[in-house]
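This report concerns only the one structure given below.
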Amino acid sequence: MQQFHGQVVWITGASAGMGRTLALEFARRGADVAVSARRLDRLTTLIDEIDALGRKGLAVPCDVTKDEEVARAVEAVLAYFGRMDVAVANAGFGVVGRLEDLSDEDLRRQFDTNVFGAMSTARHALPALRRSKGRLALVSSVAALLASPRSGAYTASKFALRAFGLTLSQELHGSGASCTLLNPGFVATEIGQVDNAGRWDGSRTDKRPLKLMWTAEAAARVMVDAIHKRRREYTFTMHGKLGAWLGQHMPGLVHLIMRGQGRSRPA
């Protein structure tokens, strides 16, 4: 369990959910970990947990929608640790609603974080990862392979991120660096309690099916395994794999199942 001993990992969106559990999992496997997010108080608590595991931690506040902040975050990680071996573009959230009910601001906000934020993270981290022959990971979703009503903005952002990740894998071939695209199914995180403006509200009810969810800790373990093995693409959970397969190979059946579910209900 020390596959990353002596290596340096940087994770965005690390204040909660999979980002947080990924940071701890990498630390358990021997890595020093830099974590970024907008909520500094949560990052400080996470650093204490990383330190308790015997590894070095670094909190670097960063809003991935601001390219200059991403650039400064990479500079801070390199200045502190002297290298970067893994970068995980994990920051993201979901805009929910029928397309005709969403504003232009909703759509741009979704892509600014899930697509452009991930692209900025990759672009600024890749020079260091090329030097270390390291690993880039993009946290996408089963939604990148399976469309569903009332999630068009989120699904479109993940479709775009998947295309970006697969292209990067081709462009990095032969460089020693790699890109792993991660497509989780339902995982118990705070994403269901984040509104369309990207604000977390603990009083919001997560409407995702609880019985189908993996814990964030279980998700982190298989994600770190996939990153270590330099998998080009890794989809999980079991239900996630089924949904992804149907989305790719039986889109007509998916349409029959999903059609009508996004209609407005009578007042």
Side-chain angles (χ1 to χ4, degrees), residues 4 8-29 31-81 84 86-96 109-110 112-114 116-118 120-121 124-125 137-141 154 182 184 186-206 208 213-221 223-224 227:
F4 293 92
V8 174
V9 177
W10 175 48
I11 304 171
T12 66
S15 60
M18 286 191 290
R20 181 181 180 280
T21 53
L22 280 169
L24 295 173
E25 185 64 22
F26 274 113
R28 292 187 188 97
R29 302 197 192 194
D32 295 326
V33 187
V35 290
S36 289
R38 294 175 298 176
R39 294 179 284 187
L40 180 58
D41 57 332
R42 289 197 175 195
L43 293 182
T44 302
T45 302
L46 178 55
I47 291 303
D48 291 339
E49 295 183 63
I50 292 170
D51 291 343
L53 291 170
R55 305 310 308 173
K56 293 180 181 178
L58 176 68
V60 186
C62 173
D63 181 342
V64 299
T65 67
K66 299 177 180 178
D67 188 68
E68 67 279 7
E69 290 193 16
V70 177
R72 286 198 297 267
V74 171
E75 291 172 359
V77 175
L78 295 176
Y80 188 81
F81 290 110
M84 183 185 295
V86 180
V88 183
N90 172 71
F93 77 106
V95 167
V96 179
R109 190 182 305 114
Q110 182 72 105
D112 280 346
T113 300
N114 291 9
F116 293 108
S120 178
T121 299
H124 290 292
L138 306 178
V139 181
S140 183
S141 168
Y154 179 73
L182 298 161
F186 293 121
V187 177
T189 68
E190 293 182 354
I191 192 171
Q193 295 176 298
V194 177
D195 65 17
N196 283 4
R199 297 181 299 247
W200 176 75
D201 179 356
S203 66
R204 287 172 61 94
T205 300
D206 190 336
R208 297 176 300 157
M213 286 194 194
W214 275 27
T215 65
E217 290 76 15
R221 287 193 291 271
M223 292 165 78
V224 173
I227 294 168

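All values below were derived from every heavy atom in this structure, side-chain atoms included, with hydrogens, water molecules and symmetry-related copies excluded. Starting from 1, each residue takes its place in the sequence as its number.
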Going by salt bridge (Lys or Arg N to Asp or Glu O under 4.0 Å), name the pairs with one or both residues in residues 11-21, residues two or more places apart or in two chains.
Arg20-Glu49
Quick one: closest heavy-atom pair of Ser15 and Arg42, and the distance?
O-CD, 3.3 Å
Report the C-alpha separation of Asn114 and Val95 in whole Å, then their side-chain angles, then the decisive distance to 0.1 Å, and conclude whether the side chain to side chain contact (heavy atoms under 4.5 Å, CB included) test is met.
CA-CA 10 Å; Asn114 291 9; Val95 167; over 6 Å; no
Donor-acceptor under 3.5 Å (Thr21 side chain, Ala216 main chain)
yes
Above 12 or not: heavy atoms from other molecules or residues under 6.0 Å from CZ of Arg28?
yes
Partners passing side chain to side chain donor-acceptor pair (under 3.5 Å) against Ser120 (at least two apart in sequence or in another chain):
Asp67
Mind checking whether Phe26 and Val224 have side chains closer than 4.5 Å, heavy atoms only?
yes
Where is the tightest heavy-atom contact between Val35 and Ala23, given as atom of each residue plus distance?
CG1-CB, 3.8 Å
Side chain to side chain contact (heavy atoms under 4.5 Å, CB included) evaluation trace for Leu40 with Thr44
CA-CA 6 Å; Leu40 180 58; Thr44 302; 4.1 Å; yes
Salt bridge (Lys or Arg N to Asp or Glu O under 4.0 Å) filter on Asp51, not counting sequence neighbours, yields none
Can you name the closest pair of heavy atoms from Val139 and Pro184 and give their distance?
CG1-CG, 4.3 Å
Kindly compute the distance separating CD1 (Ile227) from CG (Leu182), expressed to the nearest 0.5 Å.
5.0 Å
Considering all heavy atoms, the nearest His124-Ala71 contact:
CE1-CB, 3.6 Å
Test of understanding: with side chain to side chain donor-acceptor pair (under 3.5 Å), list the residues that count as partners of Thr65, not counting sequence neighbours.
Asp63
Taking every non-hydrogen atom, the tightest pair across Gln110 and Phe93:
NE2-O, 2.8 Å
Ser36 meets the side chain to side chain donor-acceptor pair (under 3.5 Å) criterion, sequence neighbours left out, with Trp10
If the condition is side chain to side chain contact (heavy atoms under 4.5 Å, CB included), which residues does Phe116 pass it with, not counting sequence neighbours?
Phe111, Asp112, Met119
Quick one: closest heavy-atom pair of Ile47 and Leu58, and the distance?
CD1-N, 3.2 Å
Please identify each residue that fulfils salt bridge (Lys or Arg N to Asp or Glu O under 4.0 Å) with Arg29, with sequence neighbours left out.
Glu25, Asp225
Sequence neighbours excluded, the answer for side chain to side chain contact (heavy atoms under 4.5 Å, CB included) partners of Ala218 is Trp214, Thr215, Arg221
Taking C-beta and beyond as the side chain, do Leu46 and Leu24 meet within less than 4.5 Å on heavy atoms?
yes
Taking only residues two or more places apart in sequence, or in another chain, which ones meet Ala27 in a side chain to side chain contact (heavy atoms under 4.5 Å, CB included)?
Val33, Ile50, Leu53, Arg55
Contacts of type side chain to side chain donor-acceptor pair (under 3.5 Å), residue Ser140, not counting sequence neighbours
none
